[in-house]
Amino acid sequence: MGWAIALHGGAGDIPLSLPQERRQPREAALRHCLQIGVEALKANKPPLDVVELVVRELENIPVFNAGKGSVLTSSGTVEMEACIMDGTKRCGAVSGLTTVVNPISLARLVMENTPHIYLAFDGAEAFAREQGVETVDSSNFITQENIERLKQAKEANRVQIDYTQPIQKDVKEEKPEADGGLVNKMVGRIGDTPIIGAGTYANNLCAVSATGKGEAIIRSTAARDVAALMEFKGVSLKEAAAYVVEEGTPKGNVGLVAVSATGEVTMSFNTTGMFRACATEDGYWEIGIWPSDVQK
């Protein structure tokens, strides 16, 4: 069936009333990054190179929670993470980065240049310096928008997804369960992204990237479950992804994008919305936020 590519920019309770000034840059970024990936695939670049190229671009664009524009911890700092994996189960992951411009590239270097899979915090930063990757002062990753989001989250006394709308002053808000949102997260918190089998997984059948509430994704081993259903039950990629999202994880917590070795692609979520984009070699192209039946 040829190649397929899918990418996401996060999932959660994305309101249909998302202001145009916040929606449009995200849709433009998805379209831009997808186009870069499609052109690279058409140029017959190796799949792993395409993955790194596209994720680097997502990291460089401040509207998503990666690289520049990363959401802030409760202390107002950035702690970035990334993971990369291929169909042979080679993988590399990093967490707790504060100066590395492109965490995805450091994750690949962990995979290719160390005997390990996962480096974090000071050790990962030291490895970055050793490898000569580009670094900048951590202030370069912090945007004014994310400073305002952290202020909003602290005022509401909650941990929240980065696009959550402000709470009205006259509405009483219960303290949320610490289930791992993004803005105002605890220092040292590690999400699902770098956890192999949870936020990221690839084997000879498929490649999966999950998004949403990290703790729920980790508990349900969402990405691995998609591959396991294909491997042990013999179901299609779309069937496996649909089952994991609809039956295997709590509603309102998880979204995922996935491609199969035969060129299938799927983008499933049980949240209000998911920033997502995909394309296939036969010309299919999709960019969306909410379910297709409510997409405006």
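- Listed for the N102 side chain is no donor-acceptor partner under 3.5 Å among the backbone atoms of E134.
- Side-chain contact annotation: T135 with R129, donor-acceptor N/O pair under 3.5 Å absent.
- Salt-bridge annotation for K45 and E39: absent, with no side-chain N of the basic residue lying under 4.0 Å from a carboxylate O of the acidic one.
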Side chain to side chain contact (heavy atoms under 4.5 Å, CB included) assessment of F121 paired with E79 = CA-CA 8 Å; F121 297 94; E79 293 182 349; 4.0 Å; yes

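- The closest donor-acceptor contact from the side chain of D192 to the backbone of A198 lies at 3.5 Å or more, if one exists at all.
- Here the side chains of P194 and T200 are not in contact, with every heavy-atom distance at 4.5 Å or above.
- Taking the side chain as every heavy atom from C-beta outward, E239 and L229 never approach each other to under 4.5 Å.
- Within the 4.5 Å cutoff, the side chain of N253 has no heavy atoms near those of the S220 side chain.
- In summary, R189 and E215 engage in a salt bridge, as defined by a charged side-chain N under 4.0 Å from a carboxylate O.
- Residues C83 and I196 share a closest heavy-atom pair of SG-CD1, 3.3 Å.
- Without hydrogens or angle criteria, N140 side chain to D137 main chain gives a donor-acceptor distance under 3.5 Å.
- Of all the heavy atoms in A124 and S95, the pair that sits closest is CB-O, 4.2 Å.
- Separating the CG atom in L34 from the CD atom in E57 is a distance of 12.5 Å, to the nearest 0.5 Å.
- Between the side chain of E81 and the backbone N or O of G191 there is at least one donor-acceptor pair closer than 3.5 Å.
- Nearest approach of A82 to E59, heavy atoms of both residues: CB-OE2, 4.3 Å.
- Under the 4.5 Å side-chain criterion, counting only non-hydrogen atoms from C-beta, F269 is in contact with P291.
- Side chains of Q152 and E148: no donor on one and acceptor on the other come within 3.5 Å.
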request  = Could you check M274 against V257 for side chain to side chain contact (heavy atoms under 4.5 Å, CB included), going step by step and ending with a plain yes or no?
outcome  = CA-CA 10 Å; M274 177 171 70; V257 299; 4.0 Å; yes

Side chain to side chain contact (heavy atoms under 4.5 Å, CB included) assessment of V38 paired with W285 = CA-CA 10 Å; V38 168; W285 185 286; 3.8 Å; yes

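- Classification of R108 and D49 as a salt-bridged pair holds, one side-chain N sitting under 4.0 Å from a carboxylate O.
- With hydrogens and angles ignored, the 3.5 Å screen pairs no side-chain donor or acceptor of E52 with any backbone N or O of I104.
- Linking ILVMFWY side-chain heavy atoms closer than 4.5 Å, directly or via other members, places I287 and L41 in a single hydrophobic cluster.
- Side-chain contact between F127 and V133: absent, with no pair of heavy atoms (C-beta onward) separated by less than 4.5 Å.
- Between the CZ atom in F141 and the OG1 atom in T77 there is a gap of 12.5 Å [rounded to 0.5 Å].
- Cluster annotation: I147 and V136 are assigned to the same hydrophobic cluster (Ile/Leu/Val/Met/Phe/Trp/Tyr, side-chain heavy-atom contacts under 4.5 Å, transitive).
- Separation of atoms CD1 (I217) and CG (L256) is listed at 8.5 Å; rounding is to 0.5 Å.
- Among the candidates Q24, R31, R23, the single residue satisfying the side-chain hydrogen bond (donor to acceptor under 3.5 Å, both in side chains) test with E27 is R23.
- Remark: the backbone N or O of V245 is paired with a side-chain donor or acceptor of N270 at under 3.5 angstrom.
- Under the 4.5 Å side-chain heavy-atom criterion for Ile, Leu, Val, Met, Phe, Trp and Tyr, V50 and V55 are members of distinct hydrophobic clusters.
- Counting only distance, with no hydrogens or angles, the side chain of N146 and the backbone of S70 share a donor-acceptor pair below 3.5 Å.
- More than 12 heavy atoms of other residues, nucleotides or ligands sit less than 6.0 Å from atom CG of D282.
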key: side chain to side chain contact (heavy atoms under 4.5 Å, CB included) assessment of L205 paired with S260   = CA-CA 6 Å; L205 297 174; S260 75; over 6 Å; no

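- Taking CD1 of I84 as the start and OG of S105 as the end, the distance is 8.0 Å to the nearest 0.5 Å.
- L97 and L109 fall within a single hydrophobic cluster, where Ile, Leu, Val, Met, Phe, Trp and Tyr are joined by side-chain heavy atoms under 4.5 Å apart, directly or via other members.
- In this structure, a donor-acceptor pair under 3.5 Å is absent between the side chains of T73 and S75.
- Summarising the geometry of C278 relative to V265, their closest heavy-atom pair is CB-CG2, 3.7 Å, with the distance given to 0.1 Å.
- Atom NE2 of residue H116 and atom CE of residue M111 lie 15.0 Å apart, to the nearest 0.5 angstrom.
- Looking at heavy atoms from C-beta onward, C206 lies out of side-chain contact with Y201 at the 4.5 angstrom threshold.
- Other residues, nucleotides and ligands contribute over 12 non-hydrogen atoms within 6.0 Å of the NZ atom of K154.
- A side-chain donor-acceptor contact under 3.5 Å links E281 to the backbone of W3.
- Between R22 and E145 there is a salt bridge, since at least one side-chain N of the basic residue sits less than 4.0 Å from a carboxylate O of the acidic one.
- Connection of M85 to I5 is not established within any shared hydrophobic cluster, with ILVMFWY side chains joined at heavy-atom distances below 4.5 Å, either directly or through further cluster members.
- Nearest heavy-atom pair across V54 and G37 is CG2-CA, 3.5 Å.
- For the pair A40 and L53, the tightest heavy-atom approach, listed with the atom from each and the gap, is CB-CD2, 3.9 Å.
- For the pair W290 and L18, the minimum side-chain heavy-atom distance is below 4.5 Å.
- Judged by distance alone, the side chain of R276 and the main-chain N or O of I289 form a donor-acceptor pair under 3.5 Å.
- With rounding to the nearest 0.5 angstrom, the CD atom of E125 is 3.5 Å from the OG1 atom of T98.
- Within the 4.5 Å cutoff, the side chain of M230 has heavy atoms near those of the L237 side chain.
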